[in-house]
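Scroll down for the structure; my scribbles are underneath it.
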Number of protein chains: 2
Amino acid sequence: MNTLSYILLCMLVRKPCSGYELKQYLTLFWESHHSQIYTALGKLHEQGYVTVENDATHKQKKIYHLTETGKAIVAEWLVEENKAPSQRDEFLAKVYVIALMDHQQATELLQDRLQHYRKMVKKYEQKTEEYDAITDTIEKERNLGRYLILERRLIMCTAEVEWCVWAQSTIDQLNTN
Amino acid sequence: MNTLSYILLCMLVRKPCSGYELKQYLTLFWESHHSQIYTALGKLHEQGYVTVENDATHKQKKIYHLTETGKAIVAEWLVEENKAPSQRDEFLAKVYVIALMDHQQATELLQDRLQHYRKMVKKYEQKTEEYDAITDTIEKERNLGRYLILERRLIMCTAEVEWCVWAQSTIDQLNTN
DNA sequence: GTACCCATGTAAAGAGTTACATGATTTC
DNA sequence: GAAATCATGTAACTCTTTACATGGGTAC
């Protein structure tokens, strides 16, 4: 059992999902490719942690349900100590050598990033609004975890935007002096 | 040439470094293990992008210097489009199912995270102060990139702290209602 | 009917992690 | 002189990415 498998089981706690759907939700906090998800789901099925249901309307679609054994190992995993989050961001390696770029190149680097994260902020603002619009208490509680993560994403993207603006003003000042 | 190799070359632009030293700097934005760094440096040497100097005082230590060819391929890489940052954070998978935890377990999860990031904030505050203390203009410019990255780290860790506090208050409210 | 998204899968190649292994230097 | 930290390296294993492959459903 690798981390991805535990995460998939976690997500099935909220509701039964297809692999495709899991992929969408996952991108909020865990990079992965469909090839990895489908093979992981296959193994989880073999191991009896999930059951598979063929969707009625979509022939190709498979809906995965968590079994009792699955629930049990998720519960065990939840209390284990967390591995430190891992991040890899090649943009920052470029920032590392920003002092050697000309002002225009440095600006381009920062402005591309800024624009990207501004879009992200808008996207996540919309998504959190969707949650706010939910009136049903049970549905709202079911989505609590997703909402907390979404809100965190929004906060982080906002922080990225603020950093970009600050970094740009910092290099601008050095340029004029 | 993989991304890590380009990043190592980037870092050598600032100043010649040993593999051990590169590892320290790298953790700011790119997770890696020494095994990976030493093998990558070996290949970069074979390819003529770096030269190796044996440190005078430390027999085991090897200092890597960027060659002209090395500089040239870094310059090419700098203008290439950036791959999206990748992040993997299993803590967030646990938050995803927070609605199913009892209040105490959820609190423990969030408070552990909060404490961890409070420590990080302190650590990075100290490091940015070290930069602020630099008076030499040339030295200050040489460290500009590192400073920008450090400041970003600080902003991000502060945002994590704020999110933890907010998330805790959110689940507290649900608990009392 | 065609373009786009939904939906799943396998195989090969590439990258990252863990374990094994060693030894020098500094600090107390 | 013992412990902690500095310092480097190889090998096996695991995980991730990319490429190959296919086909259904929906909107225009």
Side-chain angles (χ1 to χ4, degrees), chain A residues 1-9 11-12 16-27 29-47 50-65 77 81-90 93, chain B residues 1-9 11-12 16-27 29-47 50-65 77 81-90 93:
Chain A
M1 286 287 292
N2 57 20
T3 309
L4 177 63
S5 301
Y6 282 112
I7 290 176
L8 291 172
L9 292 179
M11 306 190 81
L12 292 174
C17 289
S18 67
Y20 190 87
E21 213 175 344
L22 288 167
K23 167 100 175 73
Q24 321 296 312
Y25 293 144
L26 218 49
T27 51
F29 57 92
W30 196 274
E31 299 284 318
S32 59
H33 292 258
H34 71 267
S35 55
Q36 226 182 332
I37 292 169
Y38 293 127
T39 49
L41 285 170
K43 276 180 195 165
L44 289 171
H45 186 214
E46 270 175 39
Q47 291 167 113
V50 296
T51 54
V52 189
E53 172 207 350
N54 285 296
D55 193 85
T57 49
H58 301 258
K59 285 176 202 165
Q60 285 183 115
K61 199 168 168 181
K62 290 179 182 178
I63 315 252
Y64 289 88
H65 296 252
W77 182 70
E81 195 137 344
N82 296 319
K83 279 184 219 147
S86 98
Q87 52 157 11
R88 295 201 168 88
D89 193 344
E90 60 177 62
Chain B
M1 286 286 291
N2 58 21
T3 309
L4 177 63
S5 301
Y6 281 112
I7 291 176
L8 292 173
L9 292 180
M11 306 189 81
L12 291 175
C17 289
S18 68
Y20 190 86
E21 211 176 346
L22 287 167
K23 167 101 176 70
Q24 322 296 312
Y25 293 144
L26 217 51
T27 51
F29 57 92
W30 195 275
E31 299 284 318
S32 60
H33 292 259
H34 72 266
S35 56
Q36 225 182 333
I37 291 169
Y38 292 127
T39 49
L41 285 170
K43 277 181 194 163
L44 289 171
H45 187 214
E46 270 175 39
Q47 291 166 111
V50 296
T51 54
V52 189
E53 171 207 349
N54 285 296
D55 193 87
T57 50
H58 301 258
K59 286 177 203 166
Q60 285 182 116
K61 200 167 166 181
K62 290 181 182 176
I63 316 250
Y64 290 88
H65 295 253
W77 182 70
E81 195 137 345
N82 296 320
K83 279 185 219 146
S86 98
Q87 53 157 9
R88 296 201 167 88
D89 193 344
E90 61 178 61

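In what follows, every chain begins at residue 1, and chains take the letters A, B, ... in the order their sequences are listed.
D/dC15 atom P lies 17 Å from atom CD of B/Glu31, rounded to whole Å. Taking atom CE of A/Met1 as the reference point, atom C1' of D/dC15 lies 15 Å away to the nearest angstrom. For the pair A/Ile37 CD1 and C/dT10 P, the computed distance is 14 Å after rounding to whole Å. What separates NZ of A/Lys43 from P of C/dT8 is a distance of 18 Å, to the nearest Å. Protein atom CG of B/Asn2 is 13 Å distant from nucleotide atom C1' of C/dA13, rounded to whole Å. B/Tyr20 has its OH atom 13 Å from the P atom of C/dT26, to the nearest Å. The CG atom of B/Asp55 sits 20 Å away from the P atom of C/dG23 (whole-angstrom rounding). Separating the CD1 atom of A/Ile63 from the C1' atom of C/dT8 is a distance of 13 Å, rounded to the nearest angstrom.
Listed by chain and number, the residues in a side-chain hydrogen bond (donor to acceptor under 3.5 Å, both in side chains) with B/Gln87 amount to none (sequence neighbours excluded). Every residue meeting the side-chain hydrogen bond (donor to acceptor under 3.5 Å, both in side chains) condition with B/Thr57, not counting sequence neighbours, appears here in chain and number order: B/Asp55. Every side chain to side chain contact (heavy atoms under 4.5 Å, CB included) that A/Ser35 has, sequence neighbours left out, goes to A/His33.
A distance of 9.5 Å separates OG1 of B/Thr39 from CG of B/Leu44, quoted to the nearest 0.5 Å. With rounding to the nearest 0.5 angstrom, the CG atom of A/Asp89 is 8.5 Å from the CD1 atom of B/Ile7.
Looking at A/Thr3 and A/Lys83, their side chains do bring a donor and an acceptor atom within 3.5 Å of each other.
Nearest-nucleotide mapping onto DNA chain D: of B/Arg88 and B/Gln24, the residue sitting toward the 5' end is B/Gln24.
The side chain of B/Leu4 sits closest to C/dG16 out of D/dT8, C/dA7, C/dG16.
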For nucleotides 24-28 of chain D, print each protein N/O atom paired with a nucleotide N/O atom at under 3.5 Å, atom names and distance only.
unit_1 : atom_1 : unit_2  : atom_2 : d
D/dG24 : O4'    : A/Gln60 : NE2    : 3.2

Enumerate all atom pairs, one protein N or O and one N or O from nucleotides 18-20 of chain C, separated by less than 3.5 Å.
unit_1 : atom_1 : unit_2  : atom_2 : d
C/dT18 : O4     : B/Ser35 : OG     : 2.7

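Annotation: salt bridge (charged side-chain N to carboxylate O under 4.0 Å, His left out) contacts involving residues 17-26 of chain B, sequence neighbours excluded, comprise B/Lys15-B/Glu21.
Two residues are said to be in side-chain contact when any heavy atoms from C-beta on lie closer than 4.5 Å; A/Leu26 and A/Glu31 fail this criterion.
Side-chain atoms of A/Gln24 come within 3.5 Å of backbone atoms of A/Tyr20 as a donor-acceptor pair (strictly under, hydrogens ignored).
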